[in-house]
2 protein chains.
Amino acid sequence: MIEPRGSRRQRNAPTISDVAARAGVSPMTVSRVINGEGSVRPSTRERVEEAIAALRYAPSAAARMLAGGEELRIGVLHTSTSLFYFSEFLVGCLDQGSRQNCQILVEQCAEGAESAAIGHLLHGRIDGLLLPPPLGDAEKVMAELRERDIPVVAVSTGRAPDWALSVSIDDRKAAYEMTRHLAALGHVRIGFISGAANQSASRERLDGYRGALTDVGLEQDPALIADGTFSYRSGLDAAERLLDLDAAPTAIFASNDDMAAATVAVAHRRGLDVPGDLTVCGFDDSALATTVWPELTTIRQPVGDMARTAVDLLLREIRQRRAGNAGQDQPHVVVDYQLVRRQSDAVPRRRPRS
Amino acid sequence: MIEPRGSRRQRNAPTISDVAARAGVSPMTVSRVINGEGSVRPSTRERVEEAIAALRYAPSAAARMLAGGEELRIGVLHTSTSLFYFSEFLVGCLDQGSRQNCQILVEQCAEGAESAAIGHLLHGRIDGLLLPPPLGDAEKVMAELRERDIPVVAVSTGRAPDWALSVSIDDRKAAYEMTRHLAALGHVRIGFISGAANQSASRERLDGYRGALTDVGLEQDPALIADGTFSYRSGLDAAERLLDLDAAPTAIFASNDDMAAATVAVAHRRGLDVPGDLTVCGFDDSALATTVWPELTTIRQPVGDMARTAVDLLLREIRQRRAGNAGQDQPHVVVDYQLVRRQSDAVPRRRPRS
DNA sequence: GTGAAAGCGCTAACAG
DNA sequence: CTGTTAGCGCTTTCAC
């Protein structure tokens with residue numbers, strides 16, 4: 001004689017069966033309604049929806065995954081750099097992840113320890129990987145990933161390899177537009193601080209700057225280009241160099257906000273007013289851009305949206321691979337940037353540095 | 001005659017049964033090994049672990065949740081402020097969340113729109129809520145949460161209400177220690193920039209500063225205390241005020257890194273060397289502290305660890321409530337801070353501001 | 001258009 | 001210390 005054991009349910013949340021009972025249909029029908037399948041009579045659907053609302057029913061993600069046989073997990077690998085960028089990125093990933101019912105595993109890695117981190121992530125049964133900068137440009141990392149044949153999307157990388165997916169803005173065009181904006185303001189000597197040499201976006205931005213100068217008919221003075229590495233510290237040095245010039249620029253366009261903020265600091269230290277005596281523009285629109293004073297005119301990368309897009313792209317790829325289909329139609333998506341004007345740019349003084 | 005249907009498995013990942021078969025035990029034993037239960041003979045455990053390694057087995061989170069009857073979801077509500085802090089916080093939450101097999105829902109909210117955000121979060125079947133600053137001090141938010149009787153942990157709040165849980169450092173003691181450090185260096189006139197009046201941590205830090213001055217036998221000059229709001233902008237103004245004083249301080253202790261960075265900027269603008277002419281210290285050790293130059297001597301809040309602790313605390317509370325038990329033994333946990341010395345503090349000049 | 005049965009991978013409860 | 005059984009909440013497959 002076997003006594004039926006009691007339910008093991010611990011949560012008091014309503015289940016699909018509760019809804020079914022209340023609506024007077026089978027659980028299967030409820031499932032169909034939830035998933036928006038067409039083959040349900042409108043009147044039935046309505047009854048089910050009423051029941052759902054009344055019970056405040058929400059489907060269990062765990063059960064769906066299990067039953068649906070689709071347990072998606074994607075990894076995010078990042079180095080400690082650019083925390084500003086990363087936070088926005090992460091929020092976007094999570095948001096889209098929960099919407100798409102997929103788990104996000106975050107792995108921080110030190111420089112040089114990427115391989116171990118990748119191993120650790122893969123060990124956690126990752127189905128795909130998201131690479132915020134600067135990892136998408138790290139050749140060793142990319143090579144290893146390619147070897148392992150795992151779907152990867154490189155984000156904010158100027159030039160992603162063909163075999164990988166990518167989401168980015170048009171860095172070249174954005175820098176081009178900013179430079180033209182500066183020229184339109186009346187600036188003739190426009191300084192540029194470049195980014196880290198090992199990131200392809202740096203090159204794109206420099207190209208954009210150069211292209212605009214050419215198109216606008218402004219002189220290309222190599223002295224007006226100072227090398228930076230994207231760090232605040234490097235921005236300090238680069239700005240000093242630029243402002244030490246005999247014919248110093250009246251505007252400086254830095255390849256990111258950190259270096260632009262550093263440029264503002266240097267200008268202030270020299271008693272120059274920003275933007276009165278010197279226009280300073282950045283790139284990225286990170287938290288720093290609105291932290292410093294004056295707030296920076298910069299190029300906004302919609303990092304949160306890019307993250308969401310990256311998640312979607314990756315998920316689609318994973319599903320396609322599972323289904324045995326070929327790759328994506330559009331593996332490289334380019335999203336729109338925005339030039340946002342704040343308080344750090346202005347028309348140049350009539351007699352610069354009088 | 002019913003033909004048994006084939007397996008519906010879609011993933012090729014190994015399951016607990018695969019491991020069990022390979023190790024020659026039952027799935028239950030494997031489960032015990034995975035969950036670190038003691039009651040398994042060492043030799044058996046070893047065989048199982050070998051099989052796990054060989055198959056590269058990783059348990060399915062979905063199945064565990066479902067079977068364990070525990071589907072935990074916790075929310076993180078945040079405003080747009082202090083992105084620096086938030087990103088570290090979030091990474092900590094996620095990390096612990098995946099370790100504890102619980103989902104994290106992040107909800108951003110504008111000021112004044114907290115109520116809607118809470119509603120949205122609760123609608124997503126949240127079992128508990130994490131509140132990074134400054135939300136833990138927002139009375140309206142806390143009142144609403146209390147009303148709804150949902151487990152809450154306030155993080156980095158100086159003084160959390162009794163009914164809530166909290167994780168924080170001892171802000172008062174940290175500020176006390178920093179101030180004493182400055183005094184020990186030989187500074188006599190130590191300026192202080194306070195934080196936002198509506199955050200309890202601000203008060204704690206001010207108290208710590210005052211207490212140290214008293215204990216060390218230094219004069220309490222109200223003019224040396226400038227009000228700030230934690231923003232960079234407010235730090236700019238406060239620093240100007242402090243340095244305009246006839247008897248200006250030789251050291252300024254700002255209640256957070258943003259304002260300390262602003263102080264450095266003001267000092268530089270006035271031609272003062274940091275730390276040569278002016279010592280500047282911050283609080284938090286956010287990304288900003290190591291972004292600016294010189295890098296800031298500051299109080300390190302282990303935000304990532306605090307987030308992990310907060311997740312654990314919340315989960316424990318949720319489980320206790322479900323089990324119908326009383327609250328936690330230790331609802332308010334205080335974690336250790338650290339005074340980290342970098343390049344922004346030094347012994348005062350013999351003849352200050354000569 | 002709707003329902004019944006079976007099973008996703010795991011663990012709680014109970015038995016040995 | 002280890003195994004058996006049943007069931008978590010949902011969806012797939014097949015039958016009507």
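Side-chain atoms are counted along with the backbone in the values below, which use heavy atoms only and exclude waters and symmetry mates.
Between C/dG3 and A/T29, a contact under 4.0 Å exists linking OP1 or OP2 to a side-chain N or O. The phosphate of D/dT11 has OP1 or OP2 within less than 4.0 Å of a side-chain N or O from A/R64. Under 4.0 angstrom from either OP1 or OP2 of D/dT11 there lies at least one side-chain N or O belonging to A/S31.
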N/O donor to acceptor pairs below 3.5 angstrom from side-chain atoms of residues 134-156 of chain A, sequence neighbours left out:
unit_1: A/D137; atom_1: OD1; unit_2: A/S200; atom_2: OG; d: 2.7
unit_1: A/D137; atom_1: OD2; unit_2: A/S200; atom_2: N; d: 3.1
unit_1: A/D137; atom_1: OD2; unit_2: A/S200; atom_2: OG; d: 3.3
unit_1: A/E144; atom_1: OE1; unit_2: A/S115; atom_2: OG; d: 2.9
unit_1: A/E144; atom_1: OE2; unit_2: A/S115; atom_2: OG; d: 3.1
unit_1: A/E144; atom_1: OE2; unit_2: A/R148; atom_2: NH2; d: 3.1
unit_1: A/S156; atom_1: OG; unit_2: A/Y85; atom_2: OH; d: 2.7
unit_1: A/S156; atom_1: OG; unit_2: A/Q301; atom_2: OE1; d: 2.9

*Checking side-chain contact (heavy atoms from CB on, under 4.5 Å) for the pair B/V335/B/S168: CA distance, chi angles, key distance, verdict?*
CA-CA 6 Å; B/V335 306; B/S168 54; over 6 Å; no
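Applying the salt bridge (charged side-chain N to carboxylate O under 4.0 Å, His left out) rule to B/D305 yields the partners B/R308; only residues at least two apart in sequence or on another chain are considered.
Comparing D/dC10, D/dT2, C/dG9 against the side chain of B/V40 picks out D/dT2 as the nearest. If you check D/dG9, D/dC1, C/dC10 against the side chain of B/R41, the one that comes closest is D/dC1. Nearest nucleotide to the A/I16 side chain, out of C/dC10, C/dT2, D/dC10: D/dC10. Relative to the side chain of A/R32, the nucleotides C/dC14, D/dC14, C/dG9 differ in distance, and D/dC14 lies closest. The side chain of A/M28 lies closest to D/dT13, out of D/dT2, D/dT13, D/dT4. Proximity note for B/S26 (side chain, C-beta onward) versus D/dG9, D/dT11, D/dT4: the nearest is D/dT4.
What separates CZ of A/R45 from C1' of C/dG1 is a distance of 11 Å, to the nearest Å. Separating the CG atom of A/L66 from the P atom of C/dC10 is a distance of 9 Å, rounded to the nearest angstrom.
Looking at A/R47, its side chain does come within 3.5 Å of a backbone N or O of A/A23 through a donor-acceptor pair.
At the heavy-atom level, B/S39 lies under 4.0 Å from base atoms of the strands shown.
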